[in-house]
Structures are given as structure tokens and as C-alpha cells.
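Below: one structure, written as C-alpha cells.
Worth saying up front: this structure is predicted, and the values here are computed from it rather than measured. Values below: every heavy atom of this structure, side chains too, minus hydrogens, waters and symmetry copies.
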Number of protein chains: 2
Amino acid sequence: MNTAIKIFKALSDRNRLRILLMLTKKKLCVCEIQDILGITVSTVSKHLSILRDIGFIVDNKEGKWVYYSLNTASKDLILNQVMLVLPFYLNDDELIQSDLDKVNNFSRKNLCKS
Amino acid sequence: MNTAIKIFKALSDRNRLRILLMLTKKKLCVCEIQDILGITVSTVSKHLSILRDIGFIVDNKEGKWVYYSLNTASKDLILNQVMLVLPFYLNDDELIQSDLDKVNNFSRKNLCKS
DNA sequence: TTTATATTTCGTTGATTGTCAAAATATAAA
DNA sequence: TTTATATTTTGACAATCAACGAAATATAAA
């Protein structure tokens, strides 16, 4: 499949857009993302693999946890153009703004049992 | 559904990308587009309605024909950013380049019976 | 008005996809 | 090693979607 289509398909899901926007704030592990999205961890993992395979995000293993963060090194034209405007575009999306509040405020201790 | 998601979904189909790229060359009626895509006219019509509803293209009725062209008046941020880079991005897509050749060379007379 | 051409709408079908639960894998703590 | 926590993979299911053919609508020519 054409890379452009893969990119647009990856962006065609609300939960994946939520993940991308969350990661503009800071890197997050899978259970933190799961807590905010409110869906099963297996589904979160699937979404993350789609975003990683197309190059939007990268993963880093730290002990028991896998942290995901935006791939700032990508040279892809569409990917970079989209990430440039997406935060502005979703400025008035209440659910996504609520996600960002949670990202800034939650405490890892309650989610990830150490 | 969120507008951003609608836009990305509209862009997630190869035939719709082909249509958009063709229309960067000139306005086309439905039967011209059908001839190039090689799919049924009802499917072409459906693709066109999706692209029109989200604001990528506009239609103009001229007698028996409906001509479609790019919506150059759109103020949508993502839509404009994407249309800016898409032609460069799909530069090396052989099918789409073949479409553009056909758009420049075909004769309406053989397609649209007057 | 009748016929021909152009386009859209409707109903159906096969393929794709987001979701979940369960099983498998990985790592750290006990 | 055993147990607990984190993550990924697998299989199943319901919803979505691109495609087709047929029917409906629209316009112009005969």
C-alpha cells in the first residue's frame, strides 16, 4: 500500500489522534495511555504499533515499561506537515483537551504499580 | 465525527487520491474520471460525493454534465496543508503519473457522446 | 414525447478494521 | 524460583467501507 494512504489511515482513528496529541506533551508508557483512553490495553498496544510502524512515534524500553514518544527525527513530508498543524486544528476538541489536562496532572503511582 | 478524522478518512483511499491529483490538472466530468479510474460510474460518484462533502472539491453543472474541480476557496488548515504537499509526495507514484498523462491527452469525444 | 446520455441513489456483498478477552512474552520484586 | 506487573500477540466479533449492478433522476437530442 502507498505510504501516503498508510499515513492517512493511521490518522483516521480518534484514539490514535488522541495518542498523538498526548505525546506532544511528554513521553508516556502504555498503562498511562490506557488509563486516559479508557480502552483495553491490547487495543492500545495495537494502536501504538500502527503509529510506530508508519513512523509517527518511537518506543523505548525502560525496565518493565515501554515508553512511547513522538518521532521528531522523521523526514516524511506529510507526517511533518500534519504534526505541525494538528495541535492547532484540534484546539477546540474537548475530549482531546481533557486528555492533555490529564497528561499534565495524573500521578504515575496510581497507575503503574512500580 | 471530528472534521479532522473525516478529512483523513477521505484521503485514505487510493482512488480518491487519484481523483484529487487529476483535478490539480483541470476540471473533469464524471465520465472522464470514470474512464481513467476504470471502476463503475456509481462508485466514482460515491467517491466524488465524499470529497465534495468534506470540502476538497466543488461541482458545477454544465448541461448534461457535472464538472468537478478543486475547491481553491477552502480555508481549512489541514486540507490546504495536505493539498500543498500531496503532488510532490505522489511524484513517484506510477499509477498517478499515468493518470495525469491521460488527463492531459485524452479526447472528450470518445468518452462523452455529446 | 420518446430516446439517448450523464449522474446519483439504493441494496447487496466481500474485505477491512477497532474492539475485546485470553494467551503468550518480558521484566522486576519477593 | 515464584509471583506480580507490563506489554504484545492471537482469535473472534460487530461495524464500517469500497465495489458492483440496478433503479431512479436529470438533461439534451431526435
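- To the nearest angstrom, P of dG18(C) lies 15 Å from CZ of Phe8(B).
- Put simply, CG on Asn60(A) is 15 Å from C1' on dT7(D), counting in whole angstrom units.
- Residues His47(A) and Ile33(A) fail the side-chain proximity criterion, which asks for heavy atoms closer than 4.5 Å.
- Look at dA12(D): its Watson-Crick or wobble partner, with both distances under 3.5 angstrom, is dT19(C).
- Tyr67(A) comes within 4.0 angstrom of no nucleic acid atom, judged by non-hydrogen atoms across all strands.
- Rounded to whole angstrom, the span from the CG atom of Leu11(A) across to the P atom of dT17(C) amounts to 14 Å.
- A 4.5 Å side-chain heavy-atom check between Asn15(B) and Arg18(B) finds at least one atom pair inside the cut-off.
- Looking at residues 25-37 of chain A, you'll see Cys29(A), Val30(A), Cys31(A) sit with a heavy atom under 4.0 Å from some atom of DNA chain D.
- With contacts defined as side-chain heavy-atom distances shorter than 4.5 Å, the pair Ile36(B)/Phe106(B) qualifies.
- The CD atom of Gln81(A) sits 11.5 Å away from atom CG of Asn80(B), with the distance rounded to the nearest 0.5 Å.
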Contact pattern, 5' to 3', of nucleotides 17-27 of chain D - B, S or - by protein heavy atom under 4.0 Å: SSBBBB---SB
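- Remark: side-chain polar atoms of Gln97(B) are paired, donor with acceptor, to backbone N or O of Leu90(B) under 3.5 angstrom.
- The number of heavy atoms from other shown groups lying within 6.0 Å of CD (Glu94(B)) does not exceed 12.
- For dA6(D), the OP1/OP2 oxygens have no side-chain nitrogen or oxygen of Tyr68(A) closer than 4.0 Å.
- Using a 4.5 Å heavy-atom cutoff, the side chains of Phe56(A) and Ile7(A) are in contact.
- For Cys31(B) against Cys112(B), the heavy-atom pair with the smallest separation is SG-SG, 2.8 Å.
- A heavy-atom distance below 4.5 Å is not found between the side chains of Asn71(A) and Met83(A).
- In this structure, the CG atom of Leu48(A) is 14 Å from the C1' atom of dG18(C), given to the nearest Å.
- Remark: dA29(C) base-pairs with dT2(D); criterion is Watson-Crick or G-U wobble with both hydrogen-bond distances under 3.5 Å.
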